[in-house]
Enquirer: 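The structure that follows is given in the form of structure tokens.
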Amino acid sequence: MGAQFPTLDAGVTFLDDRDAPAALYRLVGDHLAGTEGPAYWLDARNAAVPGVIRRHAVGRTAATLRVARAFTGYQHYELVRGLPQRVSPRTTLVVAPNLDALYAEDDVPDQEAETMLEATLAILKELADAVDCPVLVTAESDSERVRAAADRTLDATETRAGLRVDGPAFGTDVYWGPWGYQTTIPYWVELLGTADGARAAEEPLIAETAIPGV
Amino acid sequence: MTITIDRRDGTPIRWVADGAGAEPIVDADYQPALYAAAREDRTRHLEWLADELAADPKVAGVTAERHYRTLAAEERSPTLRIDLDRLGEVRQVAREIRERERREHAPGTLSLYDVDLDPGFRYCLDTGCDPTPNRDLRTLSLSLPPAALAEGDLSNITLEGNRSEDEKSVRERIEADETVREVVERTLAEQDPDVLIVSSAELVSLLGKRGVDLGRRPGYRQLAGESTYVSYGQVGHSPARYAVPGRAIVDRSNSFLLDKSSMAGLEYFVERAGKPLQELARDSIGGVLTAIEIREARKRDVLAPAQKRQTERWKSLETLHSADRGGFSFQPETDNVGGERSSATPGAVHEDVHELDFASLYPNIIREHRVSPETVCCDCHDTADVPELGYSICDSVEGSFLGSVLGPLLDDRSELKRRRRACDGPTPELDAKIEAIKWVLVSCFGYQGYRHAKFGRIEVHEAINAFARECLLTAKEHVEAAGWRVVHGIVDSLWVTPDPDREQTPIREVAGAISDEIGITLEHESHFDWIAFCPRKRSSGAALMRYFGRWNDDAMEDNTDRYKLRGIEARQRSTTAFVERAQRDLLTVFDRERTPQPVCERLARQLGRLRSGAVATADLAITQRVSKHPETYNQATRGKAALERASELGVDRSPGQSVRYVIVDDDRSGPERVRLAFEGPETYDADFYADRLLRAAESVLAPLGWDREDIRQWLDGTRNTTLSSFE
Ligand SMILES: [Zn+2]
């Protein structure tokens, strides 16, 4: 089974799993089996089914996984914004299935949805680069948009021989942000605030416009 | 003191009862307000917003104020209070603020509060105006059948006031040469109603166009056009809404509470929610709960968020798995009469069964255990208070938010029930209130998990569920220790039978002891001579509980029916009158014989009558709620055919409304497949209805271990003899 499964490299990987919904769980399970350290699953549309995840992540490998589910676009966006305070260089994986799904719902006005999805993609990309960690995403409807924003794409198909996942033979294309890891995390915390709404300084150290699209 | 709160040019007008009539009081000074707060409470964003709004003519002024942003917040946050000139422009101003924010800031920089409150409710919250009337409301019902409404034919209108003494029918009056307009106007003048209960809100515009003024002043206002929406995954139809001066409009076709109870139930919640009748009447149950919650939040100086941004806490897979388990469910694996062949969980028949129910289990758990958005998983405690999940429940404050919301409903309901027990004779008002409260209480748990619930929180939903499972497990242990065997259990109910090998503590005594220990009353609900549980099919997921049983004589005094039915066809809305009667008939045979063959014999006779064409088509009409427009159906369903037929006949139905039809030829597609009930068809598709009848028979026979195939074989084997006896 190992051969047809690419390893997940640092950066944002878009998994096109429309033809093979099991691929997400297989990739996550394989990746967790080979790593130690915390992993985060930012869920949408109830993709995080404990039984299914465990089936593909044998033994104790799923014990490092933490899940939070979003049920609205606003919650999804807040969870994404909260990620920078959670992840660290020890983080082995961030998974965000159906990344675009909740922004497409009626309760979020179109223009606002557009801005939030854009910001979500930008934050995940910066985050992946800053802590050198793979971020695996799938999309529900606007897959072209998510694909274009990702560093690479994996295509999953169900074949007679089983599940097959293809991707470009990517080397590591991780680049470090202008601040490097040590300064980046405090920067993000400062910029985005902590997830639980605790007080931060009245003024951020760097103006918000420093990051395009956020 | 208030009948309705109207508005003219953005100014609220309170109509108050005054002697026999009602008087308008114009409140020209009133200014509605919304609030903004910034991420991380950064006041510079609020200052920016204040500058942006300075030139907006809709904004009367802005003020820096401090309020709590969430129920759990320990400190008040800086907010910008934005006062507006006109009532009814809050949503518009909120949209514009969002747009300004989008252009200059990251999304979510600002959070808005107190945005989507109905205008009359907002006025009452802000001013302390009491929306309850200080006299018995005078009501007038105006009804027009749907077909007449579609054609704009008012001659079939019926008027019925609660002050009517000698009412001549409208028809009689029209025949006496009065026009519809004269009849309606004269009735309005004679009765001077405070509330107009209309069969459809469209009546207001229809009468308005004919020059009839339904209000206490000329004119009417359209509040909203008709629309289709999705809620809880269900498509709903929201009809147009209207207001008239000085009278509250209640749209009977669009009022959940009125449908489930009566005006008394509505008036109860007007008082509890502090929301004017006209607005409350069209609220869903979620809307009623939201109103009560917003009012309670106001008391705590907590603002009502426009968007829910609070997120789920990060959880391990173990916690997620435990949290995601549904309610309690118990079925013994053994002790059935066969029937494993086709179903995941076998059905079974049990003798001498007592049903024990926890009364209002979920709301009582919420109150007893103080499960509430601000107490669950608090930041200050590390205690494992919630079973299985290990969540903490904060005990550093008295009471809880949800307890304050639901407690009065629980207490009122007990008190009303106590008063009802003390009454001889019918008690329609008490019944209506008790019923209305029940609907709100049964919804409070689901509402906590509803993603748009303003103060809902997923961990609260999970904690309630975990406590509920614990309650049922504790109860099960106790009844078993007292010599009883649990034959079935689900969510908040247990069915128990005496263990033949042991002595029993009387069941009411056991229930009393369990109530004392858990702190929630376990009621002895019923006693059955026998009860039959239908198998639950695995394919249907969280399968509906289906059973039927015969009340024991000691339980008969409250029941006119000999049998209790749950979930089976005779209880389903979509079942035709013919199938319902046939199933009840099969039940009596089941009761008498308790073996499959005699039930099948009766079924064969019913099938024979059906196939001979002797069943009246009125008994075969299917009522179906329309879920979408006919052109958007992918498949040629019967519902689609009915809609197409309705369309051909000029009586278009919108999603959320219902349509009644008879299947005349199920092999065809399109409008020829059906006839609408009002067409009075003379033929029907016997094969189609035979299939429905077979399904109903299957439910009756499944607890005995017979499935569809067994029934078919029996029918095939005896067809000739049975049918010949009818020819
Ligand atoms: Zn605490």
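Side chains are part of it too, since the values below use all heavy atoms of this structure and drop only hydrogens, waters and symmetry mates. We name chains A, B, ... by the order of the sequence lines, and we start the count at 1 in each one.
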Enquirer: Can you tell whether the side chains of B:Arg98 and A:Glu112 come within less than 4.0 Å, N to carboxylate O?
Expert: yes

Enquirer: Which atoms of A:Asp43 come close to chain B, meaning under 4.5 Å heavy atom to heavy atom: side chain ones, backbone ones, both, or neither?
Expert: neither

Enquirer: Based on non-hydrogen pairs under 4.5 Å, which of B:Arg102, B:Arg69, B:His321 is most in contact with chain A?
Expert: B:Arg102

Enquirer: Would you check if the side chain of B:Glu312 reaches a backbone N or O of A:Arg69 as a donor-acceptor pair within less than 3.5 Å?
Expert: yes

Enquirer: Considering only NZ, NE, NH1 and NH2 on the basic side and carboxylate oxygens on the acidic side, decide whether B:Arg39 and A:Glu78 come within less than 4.0 Å.
Expert: yes

Enquirer: Taking B:Glu99, B:His452, B:Arg313 one by one, which has the highest count of heavy-atom pairs under 4.5 Å against chain A?
Expert: B:His452

Enquirer: Using non-hydrogen atoms only, which part of B:Glu318 is less than 4.5 Å away from chain A: side chain, backbone, both, or neither?
Expert: both

Enquirer: To the nearest 0.5 Å, how far apart are CH2 in B:Trp314 and CG in A:Leu42?
Expert: 4.5 Å

Enquirer: Supply the atom-to-atom distance A:Ile53 CD1 to B:Leu320 CG, rounded to the nearest 0.5 angstrom.
Expert: 7.5 Å

Enquirer: If you round to the nearest 0.5 Å, how far is CG of A:Asn46 from CG of B:Asp324?
Expert: 7.5 Å

Enquirer: Using a 4.5 angstrom heavy-atom cutoff, name the option from B:Glu101, B:Lys315, B:Gln310 with the most pairs to chain A.
Expert: B:Lys315

Enquirer: Who are the ring pair (Phe, Tyr, Trp, His ring centres under 6.0 Å) partners of A:Phe71, not counting sequence neighbours?
Expert: none

Enquirer: Examine the side chains of A:Gln75 and B:Arg309 and answer whether a donor and an acceptor come within less than 3.5 Å of each other.
Expert: no

Enquirer: Of the non-hydrogen atoms in B:Lys308 and A:Thr72, which two are nearest, and what is the gap between them?
Expert: O-OG1, 3.9 Å

Enquirer: Does the A:Tyr77 side chain pair with the main chain of B:Pro107, one donor and one acceptor, at a distance under 3.5 Å?
Expert: yes

